[in-house]
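This report refers to the structure that appears directly beneath it.
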Amino acid sequence: MDDSKLHPSVREFKQFLKDNPKVVRDVRLGKKTWQDLYEDWSLLGEKDERWTEYKDDAKMTETVEENPPKGEKIELVSQLFNQLKNMDPEQIQKQISNISQALGAIQGVISQFQSSSGKNEQSQSPSAPPASKHPFSFRQD
């Protein structure tokens, strides 16, 4: 799949996984699921304490995973395909939509505070563009 077609948050998550290969190893070993990791990453952010266990050995793990033996490569590919089967793209899309709605609500609250405190400023500049009700619009497939 072409990365340019992915949602920006999914691309950022993929970059996070590249920077922290120990996270990927836990999924391949069956300790975690992609769905759980993505939800934690999107809700908590990558600077949360939850990720410190993965960051400690990131460099060492990266060098080990770059050159696995041929038999391990085949096993890793089969595990990857098995995990891809278990991923639910609709749930990922729902999470992205929920986050978008939450950000829209927060932006609405902020704009209400700005408009109530800045009425004097708005009366001086009537040509200001109106705030959009839906700053993050996604289309559903």
Side-chain angles (χ1 to χ4, degrees), residues 1-125 127-141:
M1 175 178 252
D2 186 17
D3 277 355
S4 64
K5 294 180 182 178
L6 294 175
H7 188 271
S9 68
V10 176
R11 277 187 261 149
E12 290 173 18
F13 180 64
K14 285 179 74 174
Q15 183 60 46
F16 171 75
L17 294 175
K18 286 178 186 177
D19 295 340
N20 301 286
K22 195 173 180 184
V23 176
V24 177
R25 187 186 73 194
D26 276 1
V27 172
R28 290 178 181 159
L29 294 174
K31 294 179 182 178
K32 308 282 184 199
T33 65
W34 292 116
Q35 183 71 37
D36 291 339
L37 290 171
Y38 180 77
E39 289 174 4
D40 289 348
W41 176 84
S42 65
L43 294 174
L44 303 173
E46 64 184 74
K47 295 183 180 183
D48 190 75
E49 292 180 10
R50 182 216 193 294
W51 308 112
T52 54
E53 68 179 273
Y54 296 107
K55 292 184 180 188
D56 294 339
D57 299 327
K59 298 245 185 223
M60 185 180 76
T61 307
E62 190 173 315
T63 57
V64 169
E65 289 190 10
E66 283 178 350
N67 299 315
K70 190 173 185 177
E72 286 184 29
K73 286 182 183 179
I74 294 171
E75 184 180 335
L76 290 175
V77 170
S78 68
Q79 287 178 354
L80 177 63
F81 281 118
N82 287 336
Q83 290 298 326
L84 286 173
K85 289 178 190 176
N86 294 334
M87 287 180 61
D88 186 4
E90 288 182 26
Q91 285 205 351
I92 293 173
Q93 183 62 34
K94 285 179 186 177
Q95 283 290 346
I96 291 171
S97 178
N98 289 342
I99 292 170
S100 172
Q101 290 174 356
L103 289 173
I106 291 169
Q107 188 174 21
V109 169
I110 291 171
S111 67
Q112 285 178 352
F113 282 117
Q114 288 176 341
S115 65
S116 66
S117 67
K119 285 185 180 179
N120 293 338
E121 293 175 15
Q122 276 189 338
S123 63
Q124 293 174 354
S125 60
S127 64
S132 174
K133 288 189 177 221
H134 301 286
F136 304 103
S137 60
F138 297 102
R139 58 183 181 139
Q140 294 288 330
D141 291 333

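Residue numbers count from 1 along this sequence.
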Just verifying a value: how many Å separate [X] [atom1] and [Y] [atom2], rounded to the nearest 0.5 Å?
X	Y	atom1	atom2	value
Lys32	Arg25	NZ	CZ	12.0 Å
Leu29	Gln79	CG	CD	7.0 Å
Lys31	Asp36	NZ	CG	15.0 Å
Glu39	Lys94	CD	NZ	11.5 Å
Leu103	Asn98	CG	CG	11.0 Å

Heavy-atom distance under 4.5 Å between the side chains of [X] and [Y], does that happen here?
X	Y	result
Glu53	Asn20	no
Ile99	Ser42	yes
Lys14	Arg11	no
Phe16	Leu37	no
Trp34	Val24	yes
Trp41	Leu17	no

> For Gly45 and Trp51, which heavy atoms make the closest approach, and how far apart are they?
Replying inline: O-NE1, 2.9 Å
> Any donor-acceptor pair under 3.5 Å linking the side chain of Ser97 with the backbone of Gln93?
Replying inline: no
> Between Gln15 and Lys18, does a side chain to side chain contact (heavy atoms under 4.5 Å, CB included) hold up when you go through it step by step?
Replying inline: CA-CA 5 Å; Gln15 183 60 46; Lys18 286 178 186 177; 4.1 Å; yes
>> Using the salt bridge (charged side-chain N to carboxylate O under 4.0 Å, His left out) criterion, which residues pair with Asp48? Sequence neighbours excluded.
In response: none
